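Structure record follows, encoded as structure tokens.
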Amino acid sequence: MTFFSRHWSTYRRVLEHDLMEHGALTAAITRTIDGWLAQRGPAEPPPHAVDLGCGDLSLLPPLLRRLPLASFTGLDLNGAVLPLAAEALGAVPYPSRFLEGDLLAWAEAEPEGPPVDLIFSSFAVHHLQEPDKGRFLRGCRRRIAPGGLLLWADVFRAPGEDRDTYVGRYCARVHGWSPLEPERQEEVIEHLSQWDHPADPEAIVREAEAAGWRWRWAWQGQHRAESLAVLRPA
């Protein structure tokens, strides 16, 4: 089995057994987007949407297929997953495309075409180092349309918690993930120990507000990690 196939099968096992509360998170995303669309009203033009770090789209295709979008772009650093995302989305009544690329580079690139109305990112921004998260927020603020929405679904540290304490706490949680064999648990632990840099929730809110966003927590999971932040241009 290739590294990609094994990694993705582990990820799908995490989803299937709801080990990271994807069910509740998806419900919160759906409520938030539906409420935002209702506020926009029928006279507003259809929104352009971008998913940064789209992966295989996970649990979002049923929502995406019914949204009245003007366009949808899925971006991911791992090009191997993009055909899975396109297959999961299937036929939709709006233009869609899937691009290999880096989410920070996208945020800081010169915009092409109209501003983006809906930016979504799920479990991707925590891979950025702390200064780069601020760059990401400033770049997205520059690219968002007036009245637009940034949905940031991710893991965050507990208030005042340092990274080492977070990693130790999350690793202990992964050891309790009985649907995963011990070797797969160790794969998850190795990955998060090396690559995860979740933001401090209080510090990142201040940084977002300084970048011109208004921040609201739409959902926070029971493990003081998985959360959904809703950001609107101030």
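Please read all numbers here as calculations on a predicted model, not as lab measurements. Numbers here are sequence positions counted from 1. Atoms considered below: every heavy atom in the structure, side chains included; atoms not considered: hydrogens, waters and symmetry mates.
Residues satisfying the side chain to side chain donor-acceptor pair (under 3.5 Å) criterion with D102, sequence neighbours excluded, are absent altogether. Take V116 and apply the side-chain contact (heavy atoms from CB on, under 4.5 Å) test, not counting sequence neighbours, and it matches V50, W106, I119. Listed by chain and residue number, W152, W217 satisfy the ring pair (Phe, Tyr, Trp, His ring centres under 6.0 Å) test with W215 (two or more places apart in sequence, or in another chain). H127 meets the ring pair (Phe, Tyr, Trp, His ring centres under 6.0 Å) test with H191; sequence neighbours excluded. Residues satisfying the ring pair (Phe, Tyr, Trp, His ring centres under 6.0 Å) test with H22, not counting sequence neighbours, are F123. Residues that satisfy the side chain to side chain donor-acceptor pair (under 3.5 Å) test with R13, not counting sequence neighbours, are E181.
The cationic atom of R40 (NZ for Lys, CZ for Arg) lies less than 6.0 Å from the six-membered ring centre of W36 and within 45° of the ring axis.
Listed by first and then second residue, the salt bridge (Lys or Arg N to Asp or Glu O under 4.0 Å) pairs involving residues 18-33 amount to none (not counting sequence neighbours). The stretch residues 221-232 participates, sequence neighbours left out, in these side chain to side chain donor-acceptor pair (under 3.5 Å) pairs: Q39-R232, Y170-E226, R173-E226. Among pairs with a residue in residues 79-92, none fulfils side chain to side chain donor-acceptor pair (under 3.5 Å), at least two apart in sequence or across chains. The list of side chain to side chain donor-acceptor pair (under 3.5 Å) pairs with a residue in residues 138-151, not counting sequence neighbours, is empty. Residues in residues 189-202 take part in no salt bridge (Lys or Arg N to Asp or Glu O under 4.0 Å) pair, two or more places apart or across chains.
Within 6.0 Å of CZ in R12 there are more than 12 heavy atoms belonging to other residues, nucleotides or ligands.
Chaining together hydrophobic side chains whose heavy atoms lie under 4.5 Å apart leaves W195 on its own.
Judged by distance alone, with hydrogens and angles left aside, the side-chain atoms of T165 form no donor-acceptor pair with the main-chain N or O of E161 at under 3.5 Å.
At least one side-chain heavy atom of I189 sits less than 4.5 Å from a side-chain heavy atom of E186.
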